[in-house]
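In the text below, chain A, chain B and the rest are named by the order of the sequence lines, each starting its count at 1. These numbers were taken from a predicted model, which means no experiment stands behind them.
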Protein chains: 2
Amino acid sequence: MAAREVPNIVISRLPLYLRALEFMQREGKQVVASRELAERLGVSSAQIRKDLSYFGEFGKQGSGYQVDHLILELKRILKVDREWDMALVGVGDLGRALVHYEGFKGKGFCISLLFDNNPEKIGAKINDLEIMDSRLISELIPKWGIKIAIIAVPPQEAQGVADELVKAGVLAILNYAPITLKVPKHVKVQYIDPVVHLQRMTYYIGGNN
Amino acid sequence: MAAREVPNIVISRLPLYLRALEFMQREGKQVVASRELAERLGVSSAQIRKDLSYFGEFGKQGSGYQVDHLILELKRILKVDREWDMALVGVGDLGRALVHYEGFKGKGFCISLLFDNNPEKIGAKINDLEIMDSRLISELIPKWGIKIAIIAVPPQEAQGVADELVKAGVLAILNYAPITLKVPKHVKVQYIDPVVHLQRMTYYIGGNN
DNA sequence: TAGATTGTTAATCGATTAACAATC
DNA sequence: TAGATTGTTAATCGATTAACAATC
C-alpha cells in the first residue's frame, strides 16, 4: 500500500537495504528472505518487511524477495533509477578526493560541475572537469538543471555557499562543512562531519585512552 | 541527575550542541538560552533541556547556560576533554584528505598511525607520518594503546580490516567503506557513505532531474 | 502437502513536547 | 520586584516488534 505518509526514518533505511542487496547481487544471490537481510544489517526482519510494505508487496510467502527485482523497486522508490548531476563547491583535499571517488558510479550520482573561489584554482581541470568561479553558481546551476550539490568549503564560507545554491535552485545538499545550515523547508540537507561521528562513539569507550 | 541509562539518540545529539556552542564561543557569546541554541540547530528547546538534564543541571533560570562552562561539561561527558590517538587504515585519496584535514584539531582527535597494504605506499610519509604495513596492525595498535580507527579501504577489504582492528583492541571504528560491518557488541561503529546520504535525499526531490 | 516466509495487526516500547512550578 | 528561563512532569506522539493468518 502506498499513499500513506512514509516516515523519514523509513526512507533513511532504504539506501542501506539497497546497498546490501546490491552486494548480495554481486555475490550471485537471487532470492533473499527478510530474515537474512536483517541479520546482515543488524536490524529486525519485521522492520524490513514493515518498511517495504509502505511501498507495495515485493515478496513471496515461503521464499522471500527476488534480489534483482527488489533492487529495481528500491532504486525507483529512491529515484536513483537515473543519474543525478551534482555540483561540488570547494575543491580542496576533500573535494578532490570526492571527484576521484569511484563509489558514485552506478549508484545514481555524478559530479558534473566544480566550483571554487580561489583564483589560482579556477580554470584548472580535475578529471577533465574545469573548476569554475564560485560567482558563476547562480548562472551555471540553473543552466545545467542541477538539483543536488556537495559543499566542501571551510565552515565560515558554508552558509553563504548554501544560500547561493538554494537561490540557484538546488534542492538537496550534502554538507561536509562542520556547521548546521539554515535552509528553506523545501531543501534537504545531509551532514557529514567526521568529528561529530567520532564524538558519538567516545562516550561509550570505557577506559582512559 | 545521572545514573539512568542515557538513550543513544541523546548521545548522538550532544556533539551537535557542542559544535554549535564552540561556534558561538568564537563569536564571543558568553551566555545562551536553550531557545536560541535550539533555533540555531533546528530542534526544540525542550529537547535540549531534557537531553542535558540526563547529566546534571547546567543552566540558570532567567538567563540560560554559560557557554564556556557548558562546553567543558559536554567535552567531559563525551570524553573529548582529552586527545584520542587514531589509526587510519587505507591511504588512498580519501585517507590522504583525512590526514590533511584540519578539523580534528582541538576536537579531541589526532591521526597518529597510518596503515596500507600497498607495497608502493608502505614506508612513504604523509605529514611526517610513515605509512605502515597493514600486517603490523595487530602489533602496533596495542603498542600505541589505540582505541579508535578509521577505515578508508575498498569495500571488499573493509570487513577483514575491521576484524584485525577489533582483535587488536580497537573499540570504535569510523567506517568510510560502503558496507555494514559485523563487529562484537562492545565495539561501536559509525558509518560515512556519501551515496547513502545522497540517496536519503533524492526521494524527496519532486521533479525528474 | 509440509515447510517457510510474507504482510499486517495490535501491543509494546521509546522519544518528543507542552506546560508550569521553581527560581535566578 | 518583574521578567525570563530552567528542569521536570505527564501527555502525546511515533517507531518497533511479536505474533500469526494468509499463502507460496
*Return the 5'-most residue of the pair A:Ser63, A:Val43 with respect to DNA chain D, ranking by each residue's nearest nucleotide.*
A:Val43
*Between A:Gly62 and A:Arg13, who's closer to the 5' end of DNA chain D by nearest nucleotide?*
A:Arg13
*Determine, for A:Tyr65 and A:Lys60, whether the Lys NZ or Arg CZ falls below 6.0 Å from the six-membered ring centre while staying within 45 degrees of the axis.*
no
Shortest side-chain distance from [X], nucleotide among [options]:
X	options	answer
A:Gln47	D:dA18, D:dT5, D:dT16	D:dT16
A:Glu57	C:dG7, C:dT23, C:dT6	C:dG7
A:Ile9	D:dT17, D:dT6, D:dT16	D:dT16
A:Tyr65	C:dG7, D:dA15, D:dT5	C:dG7
B:Lys50	D:dC24, C:dT16, C:dA15	C:dT16
B:Gln61	D:dA15, C:dT6, D:dT6	D:dT6

Atom-to-atom span, [atom1] of [X] to [atom2] of [N] - whole angstrom:
X	N	atom1	atom2	result
B:Leu52	D:dT5	CG	P	16 Å
A:Gln66	C:dT5	CD	P	15 Å
A:Asn8	C:dT16	CG	P	13 Å
B:Arg35	D:dG7	CZ	C1'	18 Å
A:Lys60	C:dG3	NZ	C1'	15 Å
B:Asp51	D:dT8	CG	C1'	13 Å
B:Leu70	D:dT6	CG	P	11 Å
B:Glu36	D:dT6	CD	C1'	15 Å

Quick one, [X] and [Y] - any side-chain contact, counting heavy atoms below 4.5 Å?
X	Y	value
A:Arg49	A:Ser45	yes
A:Met201	B:Leu174	yes
B:Tyr176	B:Leu98	yes

*Would you mind classifying the nucleic acid contact of A:Ser34 as base, sugar-phosphate or nothing, using non-hydrogen atoms under 4.0 angstrom?*
sugar-phosphate
*asked:* Testing the 3.5 Å rule here: is there a donor-acceptor pair between the side chains of A:Arg200 and B:Ser12?
replied: no
*Sort out the partner of C:dA21 for me: Watson-Crick or G-U wobble, both distances under 3.5 Å, none otherwise.*
D:dT6
*Nucleotide paired to D:dA11 in any strand shown, Watson-Crick or G-U, under 3.5 Å*: C:dT16
*Steps toward salt bridge (Lys or Arg N to Asp or Glu O under 4.0 Å) verdict (B:Asp51, B:Arg13)*: CA-CA 8 Å; B:Asp51 285 354; B:Arg13 282 190 293 256; 2.7 Å; yes
*Are any of A:Ser44's side-chain N or O atoms less than 4.0 Å away from OP1 or OP2 of D:dT16?*
no
*At under 4.0 Å, does any side-chain N or O of B:Arg49 touch on OP1 or OP2 of D:dT6?*
yes
